[in-house]
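Only one structure is covered here, and it is reproduced in the block below.
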Amino acid sequence: MRDDEMEVAVKVVIVGNGAVGKSSMIQRYCRGTFTREYKKTIGVDFLERMLEVYDDPVRLMLWDTAGQEEFDAITKAYYRGAQACVLTFSTVDRASFQAVRNWKKKVEDECGTIPMVLVQNKIDLIDRAAIDAEEAEALARELKVRLYRSSVKEDLNVSQVFTYLAERYLAEL
Ligand code: GDP
């Protein structure tokens, strides 16, 4: 890094219903691990990972809800200063898909308009899908966000989500 270059640090919030794979996504991206254990929350507010976007270093800080969403009790501190957002639902959980609009609204109420991406996780369980491909695409169009289909378990499309979000963030600086 040149002296005149500032490192960009981005606070990213990962929202969605419980058990869609948010903590797993953060662990996969920042630590390269996956566990079957449910609610193995990270135990810290966030994990981080450096990446390069257009040759510039970017520090992504990925904030985990740490289960607060179960009690609809996400604190203001969680959202404060968030600069980008991952909206997550699970392929096998219809309620989590139906909750996406509400999650987007909550984030916008707290953070204003920030770059967002929609993630359909657990795509490895597509045989048991509770959502049609066309429905997911229609929701992405309606919300004006890009849709990624990921499997944190199989490590499919996880890093792509965060690279895209970092690019979007930098493009809007
Ligand atoms: P959170 O409540 O949204 O943070 O969800 P977790 O990260 O705790 O994940 C809930 C459960 O789903 C755990 O048992 C994970 O191992 C599992 N899980 C997460 N991602 C995937 C995935 O892509 N595929 C499958 N099959 N299971 C997953």
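For ligands, and for the atoms within them, numbers begin at 1 and follow the listed sequence. Numbers here are sequence positions counted from 1. Every value quoted in this text rests on a predicted model; they were computed, and no experiment measured them.
For Lys22, heavy-atom contacts with ligand 1 shorter than 4.0 Å involve the backbone as well as the side chain. Only side-chain heavy atoms of Asn121 come within less than 4.0 Å of ligand 1; its backbone N, CA, C and O stay farther off.
Below 4.0 Å from some heavy atom of Thr35 lie the following atoms of ligand 1, by number and element: 15 (C), 16 (O). The ligand atoms of ligand 1 that sit less than 4.0 angstrom from a heavy atom of Ser24 are 6 (P), 7 (O), 9 (O), 15 (C), 19 (C). Near Gly18, meaning under 4.0 Å from any of its heavy atoms, are these atoms of ligand 1: 2 (O). Applying the 4.0 Å criterion to heavy atoms of Asp124 picks out, from ligand 1, the atoms 22 (C), 23 (O), 24 (N), 25 (C), 26 (N).
Salt-bridge check for Arg168 with Glu172: passed, with a basic side-chain N closer than 4.0 Å to an acidic carboxylate O.
Between Val152 and ligand 1, at least one pair of N/O atoms sits closer than 3.5 Å. When only interatomic distances are considered, the shortest N/O to N/O separation between Ala19 and ligand 1 falls below 3.5 Å. In terms of polar-atom proximity, defined here as any N/O pair under 3.5 Å, Lys153 does make such a contact with ligand 1. The distance criterion of under 3.5 Å between nitrogen or oxygen atoms is met by Gly21 with respect to ligand 1.
Residues Cys85 and Val13 are in side-chain contact: their nearest non-hydrogen atoms beyond the backbone lie under 4.5 Å apart. Residues Val145 and Val117 have side chains not in contact (no heavy-atom distance under 4.5 Å, counting atoms from C-beta outward).
Under the 4.5 Å side-chain heavy-atom criterion for grouping Ile, Leu, Val, Met, Phe, Trp and Tyr, Val161 is connected to Tyr54 within one hydrophobic cluster. Using a 4.5 Å cut-off between side-chain heavy atoms of Ile, Leu, Val, Met, Phe, Trp and Tyr, with links allowed through other members, Val20 and Leu47 fall into different hydrophobic clusters.
Proximity annotation for atom 22 (C) of ligand 1: of Lys122, Gln120, Gln27, Lys122 comes nearest, heavy atoms only.
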### Task
List the steps and the verdict of side chain to side chain donor-acceptor pair (under 3.5 Å) for Ser150 and Asn121.
CA-CA 5 Å; Ser150 72; Asn121 188 39; 2.9 Å; yes

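Ring geometry for Tyr164 versus Tyr148: interplanar angle of 30 to 60°, hence tilted.
Relative to the ring axis of Tyr29, Arg49 places its NZ or CZ within 45° and under 6.0 Å from the centre.
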